[in-house]
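Presented below is the structure to which this report refers.
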Amino acid sequence: MTEKKRKTAIIRIFHVHKLYGAKKALTDITLDVLKNDFLFINGPSGAGKTTLLKLLYRGEPVSEGQILIDGLNLSRISRKRIPYLRREFGIIFQDYKLIPTKTIFENIAIVLEAKGKKRRFIEKKVNSLLRTVGLSDRMDAFPPSLSGGEQQRIAVARAVAGDPKIILADEPTGSLDDESAGIIINLLKQFHTRGATIIVATHDRQLIRETGGRVIHLTRGQLHSVTFQQTEKL
Amino acid sequence: MKLFFQKAVHDIRTNRFLNAVTIITMALSVLIVSAFTLFIVNAGDMMRYWEKGVQLMAYLEPDIQASVYLEIKDELQSIPGVAKARFISRMEALNQLKTQMKRQSSILNGLDKNPLPDAFEIHMATAARNLEQMEALANRIESVEGVTEVEYGQQWLGRFLDIFNLLRLAGYAIGGIFFMAAVFIVANTIRLMLYSRQEEIEIMRLVGATDGFIKAPFYIEGLIQGACGGIIGVAVLFLAYFLVVSSIQQDFSSNLLTIRFLSPGTFLSIILCSMFVGWLGCCLSLKQFLKV
């Protein structure tokens with residue numbers, strides 16, 4: 001990737017504040033996320049990591065300030081355009097958020113169905129993704145029959161199914177054992193090398209040390225510092 | 001579209017009990033409303049049949065000259081709405097009465113004088129066969145010189161029309177009530193399904209599904225519920241029509257009571273209306289649920 005491309009900001013956050021009633025969740029956040037960045041949002045529980053991610057995919061509106069996603073100002077986006085904005089993102093949650101009544105195949109296919117893709121394309125794409133995450137043999141299983149690590153791999157496959165520009169992961173390894181966490185991070189790295197911008201919200205410093213990348217530190221809703229973490233091979 | 005239809009059918013299968021209850025309730029509503037429709041259609045037919053047979057009798061003054069009859073007849077026939085006027089002499093009327101009374105006609109033999117007046121039997125033009133026009137026509141005929149009284153069974157016809165109109169009004173009211181009840185039941189079913197799938201809908205929204213994509217299967221579900229309810233309701237009515245109504249018709253072997261089933265057009269309208277109810281119920285729930 002060229003240096004010029006790397007320096008283009010895909011997300012621009014200007015003086016963003018988020019209030020829940022009188023409670024301040026985020027205060028005056030200003031930040032640029034570059035294209036193909038691997039960014040960690042680090043901070044203790046309650047620091048505002050999840051809130052910041054929610055603001056990005058318009059899960060919540062900002063109370064003050066501006067957010068631009070690939071040049072699109074979220075404050076000016078109509079309610080009808082929100083689904084189209086969300087297709088720019090692949091979102092991974094700590095609790096996986098898979099639909100328990102749908103099969104693994106259906107859980108991933110839903111992203112492509114929502115985009116109006118043809119059945120044949122969907123089958124091909126989902127099968128390929130299941131191979132990538134190593135769960136081809138479980139496509140007809142239902143999420144509750146899978147382990148936590150397997151469910152999170154499915155969540156990763158779903159997140160990347162629509163070829164999003166940005167992948168947001170909220171504590172993706174929070175409830176996983178080390179081995180499963182390693183698999184998830186490797187998958188994220190794979191998609192990063194394919195050109196996606198990855199933002200991971202985590203309180204796990206060890207994960208950051210092992211993975212490496214730009215790290216922003218949040219404390220009580222405020223941007224404390226921005227650092228760069230080199231990968232530490234353990 | 002195929003995908004939405006498949007999703008809707010899958011949802012119906014998954015929530016069989018809830019859907020069955022909704023379809024049965026809709027079928028009952030359709031059954032009651034279409035039974036009323038059937039009654040109104042047939043009562044209307046009967047009214048038209050009776051109106052067709054209704055004649056006016058114009059009784060003449062007792063001491064009128066025979067030569068004037070032709071003039072009266074001409075005048076009566078010139079009145080708009082009168083199709084034909086036939087003279088019935090007092091003798092002919094008495095003979096008719098005797099024939100009708102059969103064995104009791106001997107009572108009439110004791111009469112020293114024929115008490116019946118001369119009269120004209122007036123047939124009305126088709127266009128004038130309704131109560132209001134009949135009344136106007138009767139007043140006009142009564143104003144003809146030589147005519148003393150006009151009779152056309154106004155009291156019983158008026159009363160029957162009142163009852164018929166009342167029943168028709170009751171039919172509309174019941175139809176309206178059942179329509180609303182069905183809409184709310186469908187809305188409630190869909191709402192329950194929406195609550196049970198709240199998490200799924202939330203996930204769909206997070207992966208970029210539009211409201212239309214989320215709503216479409218529910219709308220199809222509502223339409224299927226409506227169609228099924230409508231078809232079952234009308235089918236049950238059809239069965240009842242054969243089992244109950246046709247036996248009544250056999251008892252009344254005269255052609256006075258010819259009960260017919262709903263026309264294919266009405267049948268289709270009822271099913272379409274039922275589908276509309278399903279769609280409307282969905283619309284109400286989805287609007288409320290996806291507002292947030």
Side-chain angles (χ1 to χ4, degrees), chain A residues 53-54 56-61 78-93 95-103 106-123 142-144 151 154-155 157-168 170, chain B residues 1-22 189-225 282-292:
Chain A
L53 292 188
K54 277 185 182 170
L56 296 181
Y57 63 81
R58 195 56 169 75
E60 301 264 1
S78 69
R79 196 182 166 275
K80 275 189 176 175
R81 297 293 308 167
I82 293 174
Y84 301 96
L85 165 83
R86 288 188 184 160
R87 291 177 194 178
E88 302 288 323
F89 293 97
I91 313 169
I92 303 162
F93 300 92
D95 58 355
Y96 329 123
K97 288 207 189 301
L98 297 175
I99 303 166
T101 52
K102 290 192 185 292
T103 64
E106 289 167 338
N107 263 284
I108 302 171
I110 204 164
V111 179
L112 302 163
E113 285 170 355
K115 284 178 101 173
K117 298 288 180 193
K118 293 258 187 283
R119 194 74 207 157
R120 195 172 293 175
F121 173 85
I122 293 173
E123 278 172 13
F142 288 90
Q151 288 193 56
I154 298 302
R158 183 185 63 190
V160 298
D163 294 320
K165 290 176 185 164
I166 306 158
I167 295 171
L168 305 177
D170 189 6
Chain B
M1 196 63 199
K2 194 183 160 194
L3 174 78
F4 295 141
F5 192 80
Q6 281 170 344
K7 277 179 185 286
V9 171
H10 179 263
D11 288 347
I12 290 173
R13 278 187 182 165
T14 315
N15 300 291
R16 271 187 214 131
F17 180 73
L18 209 57
N19 273 286
V21 170
T22 310
T189 314
I190 299 289
R191 194 171 299 144
L192 285 174
M193 283 183 202
L194 285 167
Y195 279 123
S196 71
R197 291 170 53 189
Q198 201 164 11
E199 194 190 357
E200 183 184 333
I201 291 167
E202 196 47 48
I203 293 167
M204 285 167 84
R205 288 177 128 185
L206 285 174
V207 300
T210 57
D211 280 357
F213 181 84
I214 297 167
K215 283 176 185 175
F218 288 103
Y219 276 124
I220 294 172
E221 215 167 305
L223 288 172
I224 292 174
Q225 284 173 348
C282 264
C283 197
L284 288 175
S285 275
L286 288 167
K287 214 171 186 179
Q288 208 178 20
F289 196 85
L290 295 177
K291 204 160 50 185
V292 193

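Proteins come first, then strands; the chains are lettered A, B, ... in the order of their sequence lines, and each starts at number 1. This is a predicted model, so every value here is computed, not measured.
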Which region of [X], side chain (C-beta onward) or backbone (N, CA, C, O), has a non-hydrogen atom less than 4.5 Å from a non-hydrogen atom of chain B, or is it both or neither?
X: A:Arg158; value: side chain
X: A:Lys102; value: side chain
X: A:Leu98; value: backbone
X: A:Phe93; value: side chain

Report task. Could you pull out all residues at least two apart from A:Arg119 that satisfy salt bridge (Lys or Arg N to Asp or Glu O under 4.0 Å)? Result ->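 Listed in chain order: A:Glu113, A:Glu123.
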
**Report entry** Which residues share a salt bridge (Lys or Arg N to Asp or Glu O under 4.0 Å) with B:Arg197, sequence neighbours left out
**Finding:** B:Asp11, B:Glu200

Query raised in the report: Considering residues, nucleotides and ligands other than A:Phe121, do more than 12 of their heavy atoms fall under 6.0 Å from its CZ?
Result: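 Buried by this count: over 12 neighbours within 6.0 Å.
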
Requested in this report: Decide if atom CZ of A:Phe142 counts as having more than 12 heavy atoms of other residues, nucleotides or ligands within a radius under 6.0 Å.
Outcome: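 Buried by this count: over 12 neighbours within 6.0 Å.
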
I need the minimum non-hydrogen distance between [X] and [Y], along with the two atoms involved.
X: A:Pro100; Y: B:Glu199; value: CD-OE1, 4.4 Å
X: A:Lys97; Y: B:Leu206; value: CD-CD1, 4.0 Å
X: A:Ala114; Y: B:Ala209; value: CB-CA, 3.8 Å

**Report entry** Approximate separation, where rounding is to 0.5 Å, of A:Ile91 CD1 and B:Ile203 CD1
**Finding:** 11.0 Å

Report summary line: Between the CE atom in B:Met204 and the CD1 atom in A:Ile99, the distance rounded to the nearest 0.5 Å is 6.5 Å

Query raised in the report: Given the options A:Pro83, A:Gly59, A:Gly116, which has more heavy-atom pairs under 4.5 Å with chain B than any of the others?
Result: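 The answer is A:Pro83.
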
Query raised in the report: After noting the C-alpha distance and the side-chain angles of A:Lys115 and B:Val207, does the key distance pass the side-chain contact (heavy atoms from CB on, under 4.5 Å) rule?
Result: CA-CA 10 Å; A:Lys115 284 178 101 173; B:Val207 300; over 6 Å; no

